[in-house]
Amino acid sequence: MTDIRRLARPHLLALKPYTSARDEFSGEAKVSLDANENAFGPVIPGAYHRYPDPHQKALKNRLAALKGVKPEQIFLGNGSDEAIDLLIRAFCDPARDHVIINPPTYGMYQVSAEVNAVRVEPVLLRPDFQLNIPELVAAFRPGSKLVFLCSPNNPSGNCLDEASVRRVLQHAPGLVLLDEAYIDFVPERSLLPLLDEFPNLVVLQTFSKAWGLAGLRLGMAFGHPELIALLDKIKAPYNINQLTQQLAHEALGQEDEKHRLVAEICAQRELLREELADVPGVLHVFPSDANFLLVRVADADRLYAQLLAEGIVVRNRSKGPLCEGCLRLTVGTPEENAQLLAAMRRIGA
Ligand SMILES: *Cc1c(COP(=O)(O)O)cnc(C)c1O
């Protein structure tokens, strides 16, 4: 079993965390004069004058039931981006350790590492956007504290093979962060059940994509209870605000609506994929398990600029490795997709 305590930065194990007013007293009080809140109430309607639950107990209990994990296996962050940053801070000593990423992939892994002065070791994906296992394993060193995997991968849209993720979990000297931000679009491919088998696995999910709640900023990290406890120890005490906790609760009561949206987005994605294939200048449309399509075109920079001039903004990924000539197109509403296609046909990709 991976020893979380052995991997963590030593000074954090001894750290005494901040104890909030809510930590020192969490029962039902008749008179609450402990947290310097405004006892008269907020300037706008709503119950916002009290600090929120720093441990998000109610929300975690509900999520635990939904995800089939224990509440102690859940960390909630101000977006998955907070979890990414905290994991780097919790495990990587800037002078000694490094993280491994598999480009082309989500940009925040590198940015977060660099903000923390932690070295980034890139191991390119194969041209089919699957993990390059021999090179990845060859890159492992004792200081390889975190390996970032992304499935479905952004920007390529494909899921990583389960067998190769298992190989990484078996050989990684540290933690494996599996970012499943888009997994709601292909739930049967989630590797969350592997948590029981691999204590070095951390799975990231988010409310930003399929749930349609990017503005709430709520991300989830699932992992070994010891690891989750360490993240909780170093997070800002009230990192998930009251409104977000409340609305996330409401959202979890609307799972059917999420399923409906996912089905519609996936159907639109496949329609868009077919239509794009017939647009002059489109060289290849990669298959996708997410809510976007990676498209290789004859002149990505020119198409990007001309779409922009028509008020249509997409992501130009053409400078990234293995993504030469590629734009990333988010699947929109039928009307938006029609506008995109019409503009592309007019411009000529
Ligand atoms: C969009 C995205 C996220 C989401 O981050 P949040 O901070 O939860 O909004 C995480 N990982 C990847 C790969 C993404 O594309």
Side-chain angles (χ1 to χ4, degrees), residues 56 59 63 67 74-89 99-113 115 120 122 125 129-131 146-160 165 175-187 189-192 201-223 231 235-236 239-241 243-245 247-248 251-252 258 261-262 265 269 286 288-294 313-317 320-323 326-332:
Q56 309 102 24
L59 191 50
L63 270 172
K67 299 287 179 183
I74 307 175
F75 170 83
L76 295 178
N78 184 7
S80 333
D81 290 346
E82 184 187 10
I84 292 168
D85 177 67
L86 286 181
L87 283 156
I88 292 170
R89 285 201 272 154
V99 304
I100 295 182
I101 62 170
N102 299 267
T105 194
Y106 186 46
M108 275 308 287
Y109 313 142
Q110 173 146 7
V111 170
S112 249
V115 165
V120 177
L125 291 172
F129 297 124
Q130 288 295 330
L131 295 170
L146 306 179
V147 182
F148 284 96
L149 308 181
C150 189
S151 179
N153 185 46
N154 177 3
S156 53
N158 61 297
C159 285
L160 300 175
V165 174
L175 300 177
V176 177
L177 269 51
L178 179 62
D179 187 343
E180 293 191 335
Y182 298 96
I183 205 66
D184 300 284
F185 298 102
V186 35
R189 299 293 299 271
S190 176
L191 297 182
L192 195 60
L201 172 64
V202 184
V203 176
L204 302 175
Q205 295 183 2
T206 182
F207 281 81
S208 295
K209 308 290 155 68
W211 291 94
L213 296 171
L216 284 196
R217 310 307 302 127
L218 187 60
M220 301 159 265
F222 303 95
L231 297 182
K235 79 180 178 70
N239 63 327
I240 308 298
N241 69 70
L243 201 49
T244 295
Q245 292 193 41
L247 293 178
L252 289 171
K258 185 198 76 167
L261 288 168
V262 164
I265 290 166
R269 179 190 69 210
F286 292 89
S288 169
D289 289 320
N291 64 342
F292 57 83
L293 288 165
L294 189 69
V313 51
V314 299
R315 207 80 201 271
N316 188 350
R317 299 276 83 173
L322 304 174
C323 291
C326 288
L327 299 180
R328 193 195 69 193
L329 314 175
T330 303
V331 177

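Order of appearance sets the numbers: ligands from 1, and atoms from 1 within every ligand. This structure is a prediction, so every number in the text was calculated from the model and none was measured.
- To the nearest 0.5 Å, atoms CD1 (Ile265) and NZ (Lys209) are separated by 11.5 Å.
- When non-hydrogen atoms are compared, ligand 1 lies under 4.0 Å from the backbone of Asp81 as well as from its side chain.
- The option from Glu82, Gln205, Arg217, Met220 that lies nearest to atom 7 (O) of ligand 1, judged by heavy atoms, is Arg217.
- By the 4.0 Å heavy-atom criterion, Ala214 is excluded from the residues contacting ligand 1.
- Among protein heavy atoms, the minimum distance from atom 14 (C) of ligand 1 is reached at Lys209 NZ, 3.1 Å.
- Residue Tyr109 has no nitrogen or oxygen atom sitting less than 3.5 Å from a nitrogen or oxygen atom of ligand 1, judged on distance alone.
- Ligand-side atoms of ligand 1 in range of Ala181: 2 (C), 3 (C), 10 (C), 11 (N), 12 (C), 14 (C), range being under 4.0 angstrom from any heavy atom.
- Ile183 places a side-chain heavy atom less than 4.5 Å from the side chain of Arg189.
- The only option from Leu213, Leu216, Asp184 that meets the side chain to side chain contact (heavy atoms under 4.5 Å, CB included) definition with Phe207 turns out to be Leu213.
- Atom CD of Glu82 is separated from atom CZ of Phe75 by 4.5 Å, given to the nearest 0.5 angstrom.
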**OP:** Determine, stepwise, if the pair Leu178 / Ser151 fulfils side chain to side chain contact (heavy atoms under 4.5 Å, CB included).
**Re:** CA-CA 7 Å; Leu178 179 62; Ser151 179; 4.1 Å; yes

Original post:
Yes or no on side chain to side chain contact (heavy atoms under 4.5 Å, CB included) for Leu160 and Gln130, after CA distance, side-chain angles and deciding distance?
Top reply: CA-CA 6 Å; Leu160 300 175; Gln130 288 295 330; 4.1 Å; yes

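- The protein atom (non-hydrogen) at minimum distance from atom 9 (O) of ligand 1 is Ser208 OG, 2.6 Å.
- Taken to the nearest 0.5 Å, the CZ atom of Phe148 stands 6.0 Å off from the CD1 atom of Ile84.
- Residue-ligand proximity: Tyr182 is placed with a non-hydrogen atom under 4.0 Å from ligand 1.
- Relative ring orientation between Phe286 and Phe129 is described as perpendicular, the plane-to-plane angle rising above 60° on a 0-90° scale split at 30° and 60°.
- Counting atoms of ligand 1 from 1 in the listed order, those under 4.0 Å from a heavy atom of Cys150 are 13 (C).
- Given atom 12 (C) of ligand 1, the protein heavy atom at minimum distance is Asp179 OD2, 3.4 Å.
- Nearest protein heavy-atom contact of atom 5 (O) of ligand 1 is Ser80 OG, 3.5 Å.
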